[in-house]
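Below, chain A is the first sequence line, B the second, and so on; all start at residue 1. All values reported here derive from a predicted model rather than from experimental measurement.
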Protein chains: 4
Amino acid sequence: MTAETSRTGRQRLSPEVRRRQVLDAAVAVFSEEGFHGASMDAVAARAGVSKPLVYAHGGSKDELFAACLRREAERLLRSVETAAGEPDEIPLVRVRRALRAFFHALTTQRAGWTVLYRQASTGPFAGEVDSLRRRIVEQAADLMAGGLAVPRRVALPYAHTLVGAAEGLADWWLTDPEAARAGAPHAEPADVLADLLVAVVGPGLEALTDGTIAESSGISEKR
Amino acid sequence: MTAETSRTGRQRLSPEVRRRQVLDAAVAVFSEEGFHGASMDAVAARAGVSKPLVYAHGGSKDELFAACLRREAERLLRSVETAAGEPDEIPLVRVRRALRAFFHALTTQRAGWTVLYRQASTGPFAGEVDSLRRRIVEQAADLMAGGLAVPRRVALPYAHTLVGAAEGLADWWLTDPEAARAGAPHAEPADVLADLLVAVVGPGLEALTDGTIAESSGISEKR
Amino acid sequence: MTAETSRTGRQRLSPEVRRRQVLDAAVAVFSEEGFHGASMDAVAARAGVSKPLVYAHGGSKDELFAACLRREAERLLRSVETAAGEPDEIPLVRVRRALRAFFHALTTQRAGWTVLYRQASTGPFAGEVDSLRRRIVEQAADLMAGGLAVPRRVALPYAHTLVGAAEGLADWWLTDPEAARAGAPHAEPADVLADLLVAVVGPGLEALTDGTIAESSGISEKR
Amino acid sequence: MTAETSRTGRQRLSPEVRRRQVLDAAVAVFSEEGFHGASMDAVAARAGVSKPLVYAHGGSKDELFAACLRREAERLLRSVETAAGEPDEIPLVRVRRALRAFFHALTTQRAGWTVLYRQASTGPFAGEVDSLRRRIVEQAADLMAGGLAVPRRVALPYAHTLVGAAEGLADWWLTDPEAARAGAPHAEPADVLADLLVAVVGPGLEALTDGTIAESSGISEKR
DNA sequence: AATGAATGAGAATTCATTCAT
DNA sequence: TATGAATGAATTCTCATTCAT
């Protein structure tokens with residue numbers, strides 16, 4: 001019986017495995033209780049290890065939380081980036097692919113999403129969170145700027161709008177899954193939400209390309 | 001020496017004034033630190049009063065937080081409701097008016113917004129927060145359902161999208177005001193953001209009215 | 001309508017009446033909650049007056065409690081003293097009269113008894129309580145010394161025994177009234193308990209008079 | 001440096017030893033200050049440990065107090081039970097043995113006695129305390145019922161009397177040791193008190209056996 | 001490497017006490 | 001005189017963090 005397989009007593013695992021184990025538990029607990037509401041005891045219990053080990057592998061509570069933020073942000077970014085795929089002649093298709101990837105990622109990385117978007121946007125981590133969110137928005141802006149052939153500065157507000165709308169739908173879905181899939185009960189919810197979003201903002205984005213609305217307010221009072 | 005001018009020692013104020021003072025401080029602190037991160041000491045210090053007074057007028061920490069949530073939600077809802085005005089023949093005009101009111105409200109009620117939307121979506125107040133958020137979304141859904149003549153069930157996903165997008169822009173604006181007003185330096189930022197949002201989602205919503213996209217995913221792969 | 005009869009607003013009562021009102025409430029609350037468990041708020045509420053008035057008429061919590069102790073002890077002593085009556089040729093008859101008075105007093109002054117005997121025999125009032133209890137025992141010792149014609153020094157241990165036994169029965173009665181009166185359901189419980197006590201200790205006390213047991217241990221191992 | 005000799009810094013002791021240490025301190029403090037008057041700080045200080053350790057080993061204040069009550073009651077009951085010994089043909093001899101054991105127990109378990117008999121007969125522990133006291137009285141009643149061949153129901157009032165008398169003497173002894181041992185300066189005080197008590201109540205109890213007094217009030221007015 | 005045991009610091013809540021009216 | 005309003009000082013209990021093994 002190797003040390004790896006031993007089920008009794010102290011397990012000697014490799015540092016990488018231990019660290020991952022601890023981070024996984026931390027993300028789970030932080031997402032459920034929030035930063036202040038989570039206790040290191042709870043993290044240790046969730047990881048199935050002792051508290052000193054959490055400190056050994058995750059550092060202080062602040063460091064541990066920051067590590068969770070970073071790891072989960074990277075994960076989300078990579079998921080979407082991969083899905084968007086290479087430049088394509090049809091820009092909205094890339095957007096849709098990215099959105100589908102985003103909503104799919106929520107299915108498998110819900111805890112990480114919660115930590116990033118529903119916790120700790122205040123407190124000692126506001127800066128950290130802000131910069132991670134900015135990266136997500138910038139990814140979206142790049143996507144649109146490339147696809148729609150507009151300057152990045154112009155794309156930025158649209159990116160914020162798009163990401164916010166995606167969050168809103170994601171929240172809805174996670175909070176009230178029944179209602180969110182009522183429209184298309186048999187399809188993959190992540191795809192339905194992505195398509196819905198494209199339907200709502202797509203026309204507006206296309207108008208952007210045409211220069212119709214550009215940087216002005218667009219629709220006039222008298223329409 | 002009047003009560004107004006007395007600056008030292010104990011101030012005797014009316015319960016209403018004190019309660020408001022305490023609630024204001026509580027909203028500020030909760031918005032900055034989150035529920036768990038905020039201490040009653042900090043609330044008392046922010047209000048410039050002693051801790052027992054906070055308890056006398058705000059009740060326990062839980063009750064105080066719940067009171068903050070309710071007051072701020074009512075405020076936001078009322079602001080928007082008032083601004084949307086009476087039914088109008090041009091639906092998007094109502095939406096724009098409501099959005100302008102929303103972004104204006106953020107200017108003056110930023111802390112309340114933060115408490116509602118960036119805090120405590122977990123923990124003992126998840127239910128409370130969820131129901132308040134739901135009311136906001138439902139307000140938006142009603143607005144759209146009425147204006148666009150679609151069933152409320154259809155309007156709901158659009159409402160979530162719209163509210164999420166508004167949040168995204170609001171966050172951007174509050175986090176990075178310089179960038180957010182770069183597009184139109186001389187206009188009222190709240191109006192600019194509202195108009196931008198209408199420009200992005202307006203076309204999609206109009207398409208909804210036409211039944212073009214209805215409940216399906218809308219835009220096709222081949223556009 | 002005089003100030004005395006006014007039922008609304010602030011009542012202006014004579015200091016003696018107010019003081020009695022406050023002390024009555026204090027005895028009630030202290031007997032129910034104990035010294036530390038009782039709050040000045042509770043005393044004020046029970047008295048139907050404001051807290052500052054409690055302080056005005058009862059002094060600090062410590063002073064108020066001491067005043068309760070003293071008043072209730074005096075009351076109990078006076079009740080028994082009066083009942084014992086003048087010297088009588090039959091000593092045990094005086095003892096029985098006193099015991100009947102004692103148990104009767106418990107009926108009407110139960111709260112005072114509780115304060116004296118079931119609270120605060122420790123803490124800052126141990127001395128006060130001890131000296132009051134000593135006076136009660138000394139009263140009993142005098143009673144027995146006079147009646148039984150033994151030196152006071154000899155009577156003292158018997159007095160402690162007698163008073164302790166009375167307390168034990170009183171506790172039983174107050175804690176479990178049903179059981180305590182099971183023996184004689186139709187008689188006055190106070191009288192039944194007094195007679196019972198005389199039946200148990202009477203023979204022993206009479207033997208004391210005969211000098212049989214005097215200061216020695218009395219009954220021998222071989223009886 | 002062994003654990004035994006280490007006097008500074010953190011001591012690692014076994015849970016059993018710690019728990020006993022904490023309970024001992026708690027009994028001491030509760031006996032001196034009463035339940036409400038005792039603070040967990042005081043318990044920790046008395047035990048020479050930190051407050052969290054008190055919570056770790058004693059639970060909440062309520063639980064700690066209940067544990068004290070139970071442990072001390074068991075101890076007292078066991079002491080007396082052991083001492084009473086097996087059934088014996090001379091009943092009063094058993095009573096005397098039990099009383100001697102009782103007074104001896106007070107010497108070594110004074111604090112426990114105080115907690116049980118001079119504290120907290122009100123408040124959240126009234127029930128707990130009452131049931132423990134009842135057990136003590138029932139032990140005495142069993143002792144007498146067995147020895148004196150009377151029904152248990154008849155023995156109960158006598159048991160209350162006896163236990164109360166013992167308490168009275170015990171209080172006297174503990175409060176004023178000099179006076180209490182004045183009668184027999186060279187003997188063991190606990191034995192002296194036990195013998196005194198037997199002398200006082202013995203004749204009455206024997207009369208009980210004879211059926212002379214039975215359940216009636218006994219001695220007549222005219223003797 | 002891993003942990004059971006221990007603690008300093010701080011958080012929520014209450015209470016005796018006192019102003020200001 | 002009488003009181004509503006206010007507070008300093010505990011008190012119970014928890015938590016992030018570390019030592020001794």
Side-chain angles (χ1 to χ4, degrees), chain A residues 3 9-15 18 36-44 49-57 59-64, chain B residues 1 3 6 8-15 17-18 36-44 49-57 59-64, chain C residues 3 9-15 18 36-44 49-57 59-64, chain D residues 1 3 6 9-15 17-18 36-44 49-64:
Chain A
R10 304 172 174 185
Q11 297 247 345
R12 293 198 42 158
L13 300 183
S14 76
R18 278 291 196 218
H36 282 292
S39 77
M40 296 299 264
D41 265 311
V43 173
V49 301
S50 71
K51 228 181 333 171
L53 196 142
V54 173
Y55 278 86
H57 290 271
S60 74
K61 192 183 183 184
D62 280 23
E63 289 163 358
L64 182 59
Chain B
M1 183 164 74
S6 166
T8 66
R10 301 174 164 190
Q11 294 253 345
R12 279 182 66 111
L13 298 183
S14 75
V17 173
R18 277 292 195 217
H36 282 297
S39 77
M40 296 300 263
D41 263 313
V43 173
V49 301
S50 69
K51 226 180 334 169
L53 194 143
V54 174
Y55 279 88
H57 290 272
S60 72
K61 192 184 182 183
D62 280 23
E63 290 164 356
L64 182 59
Chain C
R10 304 173 174 183
Q11 297 248 345
R12 294 200 41 159
L13 300 183
S14 76
R18 277 290 197 219
H36 281 292
S39 77
M40 296 298 265
D41 265 312
V43 173
V49 299
S50 71
K51 229 183 331 173
L53 195 143
V54 172
Y55 278 86
H57 289 273
S60 74
K61 192 184 184 185
D62 280 24
E63 290 163 358
L64 182 58
Chain D
M1 182 166 72
S6 166
R10 301 174 163 190
Q11 294 253 343
R12 277 181 67 111
L13 299 183
S14 75
V17 174
R18 277 294 195 216
H36 280 297
S39 77
M40 296 299 264
D41 264 314
V43 173
V49 300
S50 69
K51 223 181 335 171
L53 194 144
V54 173
Y55 279 88
H57 290 272
S60 72
K61 192 184 183 183
D62 279 24
E63 289 164 357
L64 181 59

Novice: If I take atom CZ in residue D:Arg12 and atom C1' in nucleotide E:dT7, what distance separates them, rounded to the nearest angstrom?
Specialist: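 Nearest whole value for this atom pair: 14 Å.
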
Novice: Taking the minimum atom-to-atom distance to the side chain of C:Leu53, which one of E:dA6, F:dT3, F:dT7 wins?
Specialist: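 Of the options given, the side chain of C:Leu53 lies nearest F:dT3.
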
Novice: Protein within reach of the bases, or only the backbone? For nucleotides 13-18 of chain F, mark each nucleotide 5' to 3' as B, S or -, using heavy atoms under 4.0 Å.
Specialist: BBBSBB

Novice: Check step by step if side-chain contact (heavy atoms from CB on, under 4.5 Å) holds for A:Val49 and A:Arg18.
Specialist: CA-CA 9 Å; A:Val49 301; A:Arg18 278 291 196 218; 3.7 Å; yes

Novice: Starting at CE of D:Met40, measure out to CG of D:Leu64 and round the result to the nearest 0.5 Å.
Specialist: 5.0 Å

Novice: Please report the distance, rounded to the nearest Å, between CG in B:Leu64 and C1' in E:dA11.
Specialist: 15 Å

Novice: Which nucleotide in the set F:dA2, E:dT3, E:dA2 lies at the smallest distance from any side-chain heavy atom of A:Val49?
Specialist: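 Side chain of A:Val49 sits closest to E:dT3.
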
Novice: For the pair made of CG in D:Leu13 and P in F:dT21, what is the distance, rounded to whole Å?
Specialist: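 After rounding, the reported distance stands at 11 Å.
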
Novice: For the pair made of CZ in D:Arg18 and C1' in E:dT7, what is the distance, rounded to whole Å?
Specialist: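 In whole Å, E:dT7 C1' and D:Arg18 CZ are 11 Å from each other.
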
Novice: Is a side-chain N or O of D:Lys61 found less than 3.5 angstrom from the main chain of D:Ala38, in a donor-acceptor match?
Specialist: yes

Novice: Pull out every stem in DNA chain E, meaning runs of 3 or more consecutive Watson-Crick or G-U wobble pairs with both distances under 3.5 Å.
Specialist: E:2-21 with F:2-21

